[in-house]
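What you see is a predicted model; the values in this text were computed from it and never measured. Scope of the values below: all heavy atoms of this structure, side chains included, with no hydrogens, waters or symmetry mates. Every chain is numbered from 1, with letters handed out A, B, ... down the list of sequences.
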Amino acid sequence: MKLIPHEIAAHLGDAIRAAQAAGDLPAFDLPVIDIKPPKHANQGDYAASVALALAKTAGLPPLEIANRILKHFTLPDFIAAAEVAPPGYINLRLDEAWLKTQVEAIIAEGDALFTLEMGKGKRALVEYVSANPTGPITVGRTRGGVIGDSTARVLEAAGYTVEREYYFNNAGRQMRNLGNSLRLRYLQALGREIELPTDDSFYQGEYLIEFAEDLVKERGDALANEDWQPFKEYAEKRMFDWIKTSLARIQVKHDVFFNENSLYETGAIWNVLEELEQRGYVYKAALPENADEQTRAEVGGKGEAVWFRSTQFGDTADRVLVKSSGEPTYTLPDIAYHKNKLDRGYDLCVNCLGSDHLVQAQVVKYGVRALGMDDSRLNVILNQMVKTVRDGKEVRMSTRRGVFDTLDELIDQTSADAVRYLIGSRSPTNHVLFDLDLAVAQTNDNPVYYIQNAHVRCAGIFREAAARGVSDEGADVSLLGADELRFVRKALELGEVIEAAARTLEAHRVAFYALELAQTFHPIYDSVRVLHSEVPPPLQGARLRFYRAAQVVFRRALTLMGMNAPEYM
RNA sequence: GCUCCCAUAGCUCAGCGGAUAGAGCGUCGCCCUCCGGAGGCGAAGGCGCAGGUUCGAUUCCUGCUGGGAGCACCA
């Protein structure tokens, strides 16, 4: 289906060139012509402010420019009228006969409605969640998952071939601590008196008690004399199963689980280090070479480390790549990982991170640039924190201390769809205040019901129509009225929303569109009856056809948000 | 102290340099009860402050105020 604003912009561009050729407008380069729905319905369906923008370059009043453009504007078949409005807008009205044909077009596209050309033949990689398997998915992590998955869905709709990736680290101290913690719980489960550490090295989460009991059931006391390693392996497996299961509940999935360790095994990190060294971005020293006295004092002397000269790219400080112990920091494999991503040839890479990873994300970009690669293909969506509030008070989250709000808990108290919508409809740059009390209360504070109910209402009509033997087969959509067309106009905006969401990587736009679509729908549902006794059969068929199209649009919008399109509620 | 994010209606939030700044909830009033009332219609109510750029600023820039996050040889 066509993206109406693009089509209009092309036609207006032609008109401007024609006006220039005829001498009605002076010569100038064609500007970007922005077409958007006006704020008020009586101003038409789409509006162009191009004449206002051209006033200076053309040296004419905007109103005059608009008139001269329209003089050379031939109406395409889908436009019924174009008129000039002060102070210089060009307002366009869609053709009603054409709009009616779009009902059939929408039904024909079905679940692929508004799959765009913009990403055709392009590959995108979206990375999200990427939590190490040390604990269940928290509400905070959920946000990146929702943003990442929604972004992936939007990019798919925009025509991209999308891969979803999860980057994880199953080595390192935290995993060893996890293994040790499980080992202690295991010994407890065997009935031994165990003194539990009180410091951060011990994971207090109750799930480890459960894991330990299961382990006793499976293996008895066979592991009683083992060190942390088998426990770490067991905990990791259980944790990943749990994480995947939790995410699957809100329809968040991954295609690839990328193990950081593979970058060590293939030697990729050392190749990167060597490359950086050859390019002169690396030095060995006890202290960063270009830091002020205060920083140098803070860093202290722990022996010779390998530094990345990231200040050359505008960083506030150079970063350690290899510790004085000879062990790489997280930064080195992270740079290697993103080099790996770019080497895989994606046209677009998107990384969804919490805002606490801002500095790290920047350093990675500097690293990629230092390798001589184009970092513009790396896009980072930083999301602000989710603050969970209960009883009007903030609930603190800390995986290691065992105090946390898990995604599971949140879903159990609300619903998967509510979690998807409430988190997915927020702009990532804003904090989310997730009120657990409000989410528990199933009132219509929650727009998810309002949107899904539109789909349910459509489904309800078809159930009733089937029972009464009414069909939309061979319906004459030309019988549809102004109310129905108001909805069709709104439905056709979906393509523009997908385009904008994909271009700006702002998937939450879909959520607001879906709400607007529902707001357009419900009043129409109220007045446009199908099976009412006073509705003549031909009109019944046409209206039924209309609701079939409406259902397609709602299902498409809901699916784009990773939500269910229920038949009943 | 430095870096980044945010500030829009009583509350939670949209708003891609353009016309009269939107929605949900809450409040107040009204309607509908033969396809599911988690419904429909209407009202009151707002761009933190001060400059600047622009024909035009909620949007871009600077400063201020007030929130939040990050500033490891952790990951």
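Atom C1' of nucleotide B:A75 and atom CG of A:N259 are separated by 14 Å, given to the nearest angstrom. To the nearest angstrom, P of B:G22 lies 13 Å from NZ of A:K490. Separating the OH atom of A:Y421 from the P atom of B:A38 is a distance of 20 Å, rounded to the nearest angstrom. A:I33 has its CD1 atom 17 Å from the P atom of B:G17, to the nearest Å. The separation between A:Y568 atom OH and B:G36 atom P is 10 Å, rounded to whole Å. Summarising the geometry, the separation between CG on A:L382 and C1' on B:U3 is reported as 13 Å, rounded to the nearest angstrom. One interatomic measurement links the two molecules: CG of A:D526 to P of B:U33, which rounds to 10 Å at whole-angstrom precision. B:A7 atom C1' lies 13 Å from atom CD of A:Q384, rounded to whole Å.
For B:C11, the paired nucleotide is B:G24, the pair qualifying as Watson-Crick or G-U wobble because both relevant distances are below 3.5 Å. Searching all strands for a Watson-Crick or G-U wobble partner of B:A72 with both distances below 3.5 Å returns nothing. In this structure, B:U59 forms no base pair with any nucleotide, since neither Watson-Crick nor G-U wobble geometry is met with both distances under 3.5 Å. Base pairing of B:G36: no nucleotide in any strand meets the Watson-Crick or G-U wobble criterion (both distances under 3.5 Å). Of the nucleotides present, none pairs with B:U54 by Watson-Crick or G-U wobble criteria with both distances under 3.5 Å. Shown here, B:C47 forms no base pair; nothing in the strands shown gives a Watson-Crick or G-U wobble contact with both key distances under 3.5 Å. When both distances must be under 3.5 Å, the Watson-Crick or G-U wobble mate of B:G29 is B:C41.
The residue A:L531 sits close to a base: some heavy atom pair falls under 4.0 Å. Nucleic acid contact for A:G460: sugar-phosphate only, since backbone atoms but no base atoms lie under 4.0 Å from a heavy atom of the residue. Residue A:Q452 is out of contact with every strand shown, counting any heavy-atom pair closer than 4.0 Å. Heavy atoms of A:A500 sit nowhere under 4.0 angstrom from any nucleic acid atom. Residue A:V528 is classed as a base contact, given a heavy-atom separation below 4.0 Å to a base. As judged by a 4.0 angstrom heavy-atom cut-off over every strand, A:T316 is placed among residues making no nucleic acid contact. Residue A:P62 is classed as having no contact, given no heavy-atom separation below 4.0 Å to the nucleic acid. Residue A:A47 is in base contact, counting any heavy-atom pair closer than 4.0 Å across all strands shown. The residue A:F462 sits apart from the nucleic acid: no heavy atom pair falls under 4.0 Å.
Atom C1' of B:G51 sits at a distance of 31 Å from the matching atom of B:G10, rounded to the whole Å. B:C31 and B:G22 have their C1' atoms separated by 24 Å, with the value rounded to a whole Å. Taking the C1' atom of each, B:A21 and B:G39 are spaced 28 Å apart, rounded to whole Å. B:U62 and B:C5: their P atoms are spaced 10 Å apart (whole Å). On the C1' atoms, B:C28 is 12 Å away from B:G45, given to the nearest whole Å. Atom P of B:C60 sits at a distance of 15 Å from the matching atom of B:U8, rounded to the whole Å. Distance check on atom P: B:U58 versus B:G17 gives 13 Å, rounded to whole Å. One P atom belongs to B:A9, the other to B:A23, and the distance between them is 15 Å to the nearest Å.
Closest to the A:H40 side chain, of the nucleotides B:A75, B:G36, B:U20, is B:U20. Each of B:A69, B:C5, B:A75 was ranked by its minimum atom distance to the side chain of A:E260; first place goes to B:A75. The side chain of A:Y449 lies closest to B:A38 when the candidates are B:C74, B:G36, B:A38. Proximity note for A:M385 (side chain, C-beta onward) versus B:G40, B:A69, B:C35: the nearest is B:A69. Across B:A75, B:C35, B:G68, the shortest atom-to-atom separation from the side chain of A:V530 is found for B:C35.
Of the two residues near RNA chain B, A:P86 and A:H522, the one whose nearest nucleotide lies more 5' is A:P86. For the pair A:V322 and A:E534, nearest-nucleotide mapping onto RNA chain B gives the more 5' position to A:E534.
One can find a donor-acceptor pair under 3.5 Å joining the base of B:A19 and the side-chain atoms of A:N91. Judged by distance alone with a 3.5 Å cut-off, a donor-acceptor contact links the side chain of A:S324 to the base of B:C73.
None of A:V456, A:V470, A:L544, A:D472 except one satisfies the side-chain contact (heavy atoms from CB on, under 4.5 Å) rule with A:I461; the exception is A:L544. With respect to A:Y166, the ring pair (Phe, Tyr, Trp, His ring centres under 6.0 Å) criterion is satisfied by exactly one of A:Y337, A:Y128, A:F240: A:F240. The side-chain contact (heavy atoms from CB on, under 4.5 Å) with A:L505 is formed by just one residue from the set A:V154, A:I147, A:V350; it is A:V350.
The shortest distance between the side-chain N/O atoms of A:R457 and the OP1/OP2 oxygens of B:G36 is not below 4.0 Å.
With hydrogens and angles left out, the side-chain atoms of A:R489 and A:T520 include no donor and acceptor closer than 3.5 Å. Counting only N and O atoms by type, the side chains of A:D199 and A:S201 include a donor and acceptor under 3.5 Å apart. Between the side chains of A:Y167 and A:N351, no donor N or O sits under 3.5 Å from an acceptor N or O. A:N132 and A:Q174 share no side-chain donor-acceptor pair at under 3.5 Å. A:E7 and A:Y46 are not linked by any side-chain donor-acceptor pair at a separation below 3.5 angstrom, with hydrogens and angles left out of the test.
A salt bridge links A:K341 with A:E127: the distance from a Lys NZ or Arg NE/NH1/NH2 to an Asp or Glu carboxylate oxygen falls below 4.0 Å. Salt-bridge annotation for A:E289 and A:R309: present, with a side-chain N of the basic residue lying under 4.0 Å from a carboxylate O of the acidic one.
Judged by distance alone, with hydrogens and angles left aside, the side-chain atoms of A:K365 form a donor-acceptor pair with the main-chain N or O of A:L378 at under 3.5 Å. Of the possible polar contacts, none joining the A:H522 side chain to the A:N453 backbone as a donor-acceptor pair under 3.5 Å is found.
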**A:R463/A:Y568 under side chain to side chain contact (heavy atoms under 4.5 Å, CB included): CA gap, chis, key distance, verdict** = CA-CA 11 Å; A:R463 278 195 298 273; A:Y568 301 89; 3.3 Å; yes
**Fill in**
With B for base contact, S for sugar-phosphate-only contact and - for none (protein heavy atoms under 4.0 Å), nucleotides 11-16 of chain B reads -SSSSS
**Message:** What does the B/S/- profile of nucleotides 53-61 of chain B look like, 5' to 3', with a 4.0 Å heavy-atom cutoff to protein?
**Reply:** -SS------
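Classification of the A:F313-A:Y366 ring pair by plane angle, with boundaries at 30° and 60°, yields parallel.
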